[in-house]
Amino acid sequence: MTEIRTIGVVGLGAMGGGIAQLAVEAGYETIGREVTQEFGDAAAARIGHFLTRKVEKGQLTADEREAAVARLETTTDLEEFARCDLVIEAIIEELEPKRALFAELDRICRPDAVLATNTSALSVTEIAAATTRPERVVGMHFFNPAPLMPLVEIVQAELTSEAAVAVAVEVGSRFGKEVVTCHDTPGFIVNRVLIPLLNDCLRVLDEARVTPEALDVAMKNGAGWPMGPCALVDLVGIDVHVHAAEALYALTRDPRMAPPARLMTINNAGLLGRKSGRGFYTYEG
Ligand code: CAA
C-alpha cells in the first residue's frame with residue numbers, strides 16, 4: 001500500500017479548511033491550495049484559531065499545536081501537488097470544474113498518488129473518468145464541520161481499486177473518524193437520507209405555516225436532533241444544499257430530492273446561511 005506522508009487539499013473553504021486541519025493534527029505534511037494567497041492565509045489563520053481553542057480547552061498541548069501549524073503550507077500553485085501521496089479535493093460542488101481539476105491533478109501527480117473527492121452528491125465515477133487513473137480515484141466524504149463530525153464515507157466508484165479504498169480508509173482512521181465504505185450511488189449513505197429529509201422539513205415551513213425558529217424547536221425537542229433543520233442548512237450553506245439537492249434530483253428524478261421553492265428564493269437572493277451572515281437566521285461577525 002502507498003505510504004501516505006504528504007496530503008494535498010484543494011480548496012480551503014469550510015470543508016477543505018476542516019480537512020486540512022484534520023490532516024495536520026493527524027501528523028501529515030499538508031499542502032493546501034487556494035485561488036489567491038489571501039484566501040490561503042485566511043484559511044491558515046482559521047485553522048490556527050481552532051487549534052488555539054483546543055489548547056485553551058486542554059485538548060492539545062501548545063507544542064502539539066505549534067507542530068501541527070508547522071505542517072501546513074499554503075499555495076496557489078497546483079504544481080506543488082507533485083509532492084503529494086494523496087490529494088483531497090474540496091472545491092465547488094459542480095461536476096465540470098471538478099472534472100477539469102482532476103484532469104490537471106492527473107497530469108501533475110505521481111501515477112501512484114491517490115486522488116480523492118469530498119463531493120457530497122456528484123458521481124465519483126464521472127469525476128474519476130476525467131483521469132487516466134480511475135482506479136486511483138476514490139470518494140472521501142466528510143461532514144460539516146469536518147473537524148467535529150465523527151464520520152467519513154469512503155466511496156468506491158465503478159473502477160476504484162481495493163488498494164485506493166484501503167488508503168482512504170487508513171487516512172480516515174488516522175484522522176480519528178468513524179469510517180464507512182459504500183458504493184458510488186446518488187447521495188451515498190447519509191445524504192441519500194438527509195437531503196430529502198431536510199427538504200421535507202423546509203416544505204413543512206409553508207405547509208404548517210410555522211416559523212424557522214418553531215420548526216427548529218420542534219425537531220430538536222421532538223426528534224432529538226442536535227440542531228434544527230433551518231440552523232443546519234444555514235451551517236451547511238444554502239447554496240451547498242441547493243447544489244446537492246439539484247444533483248441528487250438530476251440523478252434520481254425523485255421529486256423529494258428537488259430543492260424546495262422557498263430555498264431557491266433565499267439562495268437567489270444571495271442569502272447563503274452562516275457564511276454570508278444571513279440565511280434563515282442572521283449571524284453576527
Ligand atoms: N472547525 C473546527 N473547529 C470548530 C469548527 C469548525 N468549523 N466549528 C466549531 N469548532 C470548534 C470550536 O473551537 C468550538 O469551541 P469554542 O466555541 O469554544 O471555540 C468547538 O468546536 C465546539 O463548538 P460548538 O460549541 O459549536 O459545538 P457543539 O457542541 O454545539 O456542536 C456541532 C456543534 C458539532 C456542529 C453540533 O451542533 C452538531 O452535531 N450539529 C449537527 C451538524 C450536522 O448534522 N452536520 C452534518 C451536515 S450535512 C453534511 O455535512 C453533508 C453534506 O454533504 C453537505
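Just so you know, these numbers use all the heavy atoms, side chains as well, and skip hydrogens, waters and symmetry mates. Indexing begins at 1, ligand by ligand and atom by atom, following the structure's order.
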- Between T117 and K98, is any pair of side-chain heavy atoms under 4.5 Å apart?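 Yes. Closest side-chain heavy atoms under 4.5 Å.
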
- Task: Please tell me if the side chains of D41 and T74 come closer than 4.5 Å, counting only heavy atoms from C-beta onward.
- Result: yes

- Task: Find the distance between CD (E153) and CZ (F142) and round it off to the nearest 0.5 Å.
- Result: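 Those atoms lie 11.0 Å apart.
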
Distance dump, ligand 1 polar atoms to protein, N/O, under 3.5 Å:
unit_1, atom_1, unit_2, atom_2, d
ligand 1, 15 (O), K57, NZ, 2.6
ligand 1, 18 (O), R53, NE, 3.4
ligand 1, 18 (O), R53, NH2, 2.6
ligand 1, 18 (O), K57, NZ, 3.1
ligand 1, 19 (O), R53, NE, 2.7
ligand 1, 45 (N), N144, O, 2.8
ligand 1, 50 (O), N144, N, 2.9
ligand 1, 53 (O), H141, NE2, 2.8
ligand 1, 53 (O), N191, ND2, 3.0

- Go through E56 and K54 one step at a time and tell me if the salt bridge (charged side-chain N to carboxylate O under 4.0 Å, His left out) criterion holds. CA-CA 5 Å; E56 287 163 356; K54 288 186 92 164; over 6 Å; no

- Query: Are T76 and Q37 close enough, and set up right, to give a side chain to side chain donor-acceptor pair (under 3.5 Å), and what steps lead you there?
  - Reply: CA-CA 6 Å; T76 56; Q37 196 51 51; 5.0 Å; no

- Apart from F39 itself, members of its ILVMFWY cluster (side-chain separation under 4.5 Å) are V35

